[in-house]
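Encoded as structure tokens, the structure appears first; notes follow it.
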Amino acid sequence: MNIKLNRKIIIEMCGSSSFKRGDAFYRANKVTFEYYSPDGCEATVSGTEDFYVTIDQDKGGDFHTKCSCPTLASFQKDCQHVAAVLLSIYEHQRNGTIPISRSNHQSESTTNSSLTNDLLSLFNEQPLRSSGHQLHFENRQVLDTELMCKPITIGKGRYMFGIEIKIGPINVQNIRGFLEHVKIGRPCLLSNSFTYNPNLHCFPKETDEVIKQLIEIIYDEKMYLGALPEPSDYVSHNHLLLIPPSSWNKLFPLLEKAPFVKLENDGYIYEGLQLSNEPLSLQFDFTDTEGRGYHLKIKGMNRMVVLESYNSVLSDGKLIKLKSEDCKRLLHLKEMLDGSGTNQIPIPQEQVGIFLDKVVPGLKKLGHVQLSGSMLEQLEKTPLIAKLYLDRVKNRLLAGIEFHYENVVINPLESSPKLQSSSILIRDVEKEEEILQLMDNSSFAKTDGGYFLHNEELEYEFLYHVVPKLQKLVQLYATTAVRNRIFTGNARPQIRIKMKKERTNWLEFKFEMDGIPEQHIREVLLALEEKRKYYRLRNGSILSLETREFEEIKRFMNALPVQNEDLESGLNVPIVRGLQLLDTVDDTNTFTVEESFRQFLENLKNPDRLKFDVPKSLEPILRDYQKHGYKWMKTLAHYGFGGILADDMGLGKTLQSITFVRSELANIRNKQHPALIVCPSSLTYNWLSEFMKFAPDVQAVVIDGDKTERCNIQKDVKDIDVVITSYPLLRRDIKWYEKQAFHIVFLMRLKPLKTRLLKQQKR
């Protein structure tokens, strides 16, 4: 029991004398609990005779005591036996223990046995069979299941959806019990002649989805009814399950797909659930009453059920969704008419203008409105011209709105705008509300005279995102101060790409923005890095950084390597990395390509454009395609690229490589950086033979043999033009190779790329 106890409380309840006697009973172990639970307990206090004490706790947390001992009319406090029990409970609370009752003790062996069996069942339990029809190997009977939906009154004009289940000809009398049995996969007796058995019966797939959702709703129903702000008159029925509004949103799409779904309303039964977008079948007729004003006659309300919690109306078997405020108004209107017993509302002549201004636009959202001839004669049918005035004063954005109906000008922020009395004005409420909602969403402060905003970020959001929406609805008048606040220059960011003149294998990316001074570009780029939405220029103008072009620049910057140079002065990156950066941007219009870079791209596509002479000794030997391959390799090397020569076998890849080495021979000897060729062990001497045949003036050597032999060759490699080795020997001598500088490296493809060889290549 969770009751607040201490010695002081017990003394106040029982008196000091009874407390002392009770304490003696407790210390002598005279208190025995017969029953103990969170809501109450029963205990026996043994003495010359036994007395029985009962303590009950109510929902509010208070508790009540009762003892079987005789009571004295002159003594109004609890007795010593109650004091003994309370002291026992208090001590258990202090020790964090729970009293052991006789009933618990007697059932201990039974409980232990039950625990053992339950533990065995955890690991021996068969998986539950699905209640839905399976696509394959299904031999169970598919049950035709009818789902009947109906509006149920829960008191005071409030309705909820309820659902009943019918399996074949049998109405399910205990819907909650049935759903619980389906959940745990147990048979359920539905009538004297039929028992649902999950091993023998199943439901259509769509119906099974509904049933699974209804199982979850069992708990939602109880919580929803218990949480209603007003007491409900609804009495629960075993055969009917109420559907809370939050659960209805999940259930309705499933009911639309399920077969045998019906809707019962006002004595009629409709097949299936239909969600309709058509207007309500409500008619609002304004009629004259011979100079005494008008009557509003409402037709069709009696055929409707308003389900306010669902923001829906049930009419003629169709479910119609409404906005929350419209549904609430319709419910109150229906309650008014039902309470008065009439469908007519009198309208005095002097209130006609207010009705037409305030009430009629709202009624048009609910149904068809028919005005009398005399009312139509009084109407001014003028379109709304909304005007928005913007100004900036003392770093505040000021805004004012006027609604113009010809000569009538309305300030929507005035509590009671003045209108001409000679005629009735029908206002375009829907358009007015749309404009005012945009202003409210922009966090403006309001006064009777207009709006003001004193926050740069909110001002940016309004000017760049909200004003374009408002311009479709209003005529905009902005002062020079506001127009200057919005940057209108051609600030389309561009990245100019060119080849570095002094380093032909490097690209330069330079940021440019028309209308932005170069000294400000760095600050703009830093603002982009900080993921800001805008940048305020030195002249106070706000530059939006949320345009598509700036988004591309941001994506490009995220892919950049770390640079020491100032961003506004340009970025210098190797060509290979630069080409990778170009792929990070989707919009190629972000880049402006200079002639040097355009020429570079053309040279890659057409290597013959660059002049690379074929060594004279090999000119007559090479075929045209081999010369083209040689020039392609020279073009790649010219720009600092590596490449893959992937001609078919037998087309002279070795000869093209030897030609390339021969063309670089002067550079190799000048720098004393030899070429390195790595190939399979079986081809090392084949390479040497080819060099001796086609380029005998090239000093080539194969580094092989045992460790001593290889070391001797490595010592004399200074005067060698080409070093040839195999992958296994490269791995063994990797320490030496790591210290060497090579002008060119050729790696010959391995045919069987086994794991061991791959490991060698990684090293």
Side-chain angles (χ1 to χ4, degrees), residues 107 110-111 113-152 154 160-226 234-244 247-248 250-251 254-255 257-264 269 271-273:
S107 62
T110 305
T111 301
S113 176
S114 175
L115 285 172
T116 303
N117 293 331
D118 288 344
L119 179 61
L120 287 172
S121 67
L122 285 176
F123 299 94
N124 195 35
E125 200 171 70
Q126 296 297 320
L128 292 178
R129 190 167 186 181
S130 170
S131 56
H133 182 267
Q134 303 299 299
L135 187 61
H136 303 290
F137 310 110
E138 182 61 85
N139 55 7
R140 296 176 295 177
Q141 179 187 355
V142 180
L143 300 177
D144 293 333
T145 307
E146 180 183 292
L147 302 164
M148 179 69 75
C149 299
K150 57 178 65 176
I152 305 297
I154 59 173
M160 288 183 65
F161 276 114
I163 196 165
E164 299 174 348
I165 298 178
K166 184 177 181 180
I167 297 180
I170 302 169
N171 292 311
V172 176
Q173 298 300 321
N174 185 351
I175 188 171
R176 295 168 190 80
F178 169 69
L179 293 173
E180 287 287 356
H181 279 75
V182 173
K183 177 182 178 181
I184 62 178
R186 300 288 176 83
C188 181
L189 179 66
L190 298 180
S191 72
N192 293 332
S193 60
F194 180 75
T195 298
Y196 163 76
N197 189 326
N199 294 318
L200 303 176
H201 308 115
C202 64
F203 302 102
K205 181 180 178 182
E206 295 81 4
T207 303
D208 186 57
E209 293 297 323
V210 174
I211 288 175
K212 289 178 180 176
Q213 190 63 39
L214 292 178
I215 290 172
E216 296 182 14
I217 289 174
I218 294 175
Y219 306 100
D220 297 341
E221 175 197 36
K222 185 176 180 181
M223 293 178 62
Y224 181 81
L225 290 175
Y234 175 72
V235 178
S236 179
H237 299 282
N238 287 336
H239 67 281
L240 182 76
L241 181 66
L242 292 183
I243 312 299
S247 303
W248 178 255
K250 297 179 182 178
L251 181 65
L254 303 178
L255 290 171
K257 299 177 183 178
F260 308 115
V261 175
K262 296 183 178 181
L263 175 65
E264 181 181 330
I269 295 179
E271 295 290 336
L273 286 181

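- The distance from the CG atom of Asn174 to the NE2 atom of His239 is 11.5 Å, given to the nearest 0.5 Å.
- Note that CZ of Phe260 is 7.5 Å distant from OG1 of Thr207, once rounded to the nearest 0.5 Å.
- Note on ring orientation: taking the six-membered ring where Trp is involved, the planes of Trp248 and Phe161 are parallel (angle under 30°, cut-offs 30° and 60°).
- For the atom pair CD of Gln213 and CD1 of Ile218, the computed distance is 11.5 Å after rounding to the nearest 0.5 Å.
- Between the CG atom of Leu241 and the CZ atom of Arg176 there is a distance of 5.5 Å, given to the nearest 0.5 Å.
- Taking CD of Glu216 as the reference point, atom OG of Ser247 lies at 8.5 Å (rounded to 0.5 Å).
- Put simply, the side chain of Gln134 does not reach to within 4.5 Å of the side chain of Lys205, judged on heavy atoms.
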- Task: Show your working on side-chain contact (heavy atoms from CB on, under 4.5 Å) between Leu251 and Ile217 and close with a plain yes or no.
- Result: CA-CA 9 Å; Leu251 181 65; Ile217 289 174; 4.0 Å; yes
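- Residue Leu143 comes nearest to Pro204 through the heavy atom pair O-CD, 3.4 Å, listed as atom of the first residue, atom of the second, then distance.
- Counting heavy atoms from C-beta on, the side chains of Glu146 and Asp144 never come closer than 4.5 Å.
- Under a 4.0 Å N-O distance rule, the pair Glu164/Lys166 does not qualify as a salt bridge.
- Annotation for Glu209 and Leu254: closest pair O-CD1, 3.7 Å, computed over non-hydrogen atoms.
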- Task: Would you check, one step at a time, whether the test side-chain contact (heavy atoms from CB on, under 4.5 Å) holds for Leu214 with Ile165?
- Result: CA-CA 11 Å; Leu214 292 178; Ile165 298 178; 4.1 Å; yes
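- The two atoms that bring Phe203 and Val142 nearest to each other are C-CG1, 4.3 Å, heavy atoms only.
- For the pair Cys202 and His133, the minimum side-chain heavy-atom distance is below 4.5 Å.
- Two residues are said to be in side-chain contact when any heavy atoms from C-beta on lie closer than 4.5 Å; Leu200 and Thr195 fail this criterion.
- Between Leu147 and Leu255 the shortest side-chain heavy-atom distance falls below 4.5 Å.
- Side-chain contact between Ile211 and Leu179: present, with at least one pair of heavy atoms (C-beta onward) separated by less than 4.5 Å.
- A donor-acceptor contact shorter than 3.5 Å links the side chain of Asn197 to the backbone of Asn199.
- Using a 4.5 Å heavy-atom cutoff, the side chains of Val210 and Glu206 are not in contact.
- Considering only heavy atoms from C-beta on, Cys149 comes within 4.5 Å of Leu273 through its side chain.
- What you find for Pro187 and Pro198 is that their closest heavy atoms are N-CD, 3.9 Å.
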- What's the verdict on side-chain contact (heavy atoms from CB on, under 4.5 Å) for Leu190 and Phe178, showing C-alpha distance, side-chain angles and the deciding distance? CA-CA 8 Å; Leu190 298 180; Phe178 169 69; 3.8 Å; yes
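- Closest approach of Glu264 and Pro151 over heavy atoms only: O-CD, 3.2 Å.
- Shown here for Met160 and Leu242, the closest heavy-atom pair between the two residues is CE-CB, 4.0 Å.
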- Message: Is there a side-chain contact (heavy atoms from CB on, under 4.5 Å) between Ile167 and Val172? Walk through the geometry before answering.
- Response: CA-CA 7 Å; Ile167 297 180; Val172 176; 4.3 Å; yes
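- Below 30°, between 30° and 60°, or above 60°: for Phe194 and His201 the angle between ring planes is between 30° and 60°, a tilted geometry.
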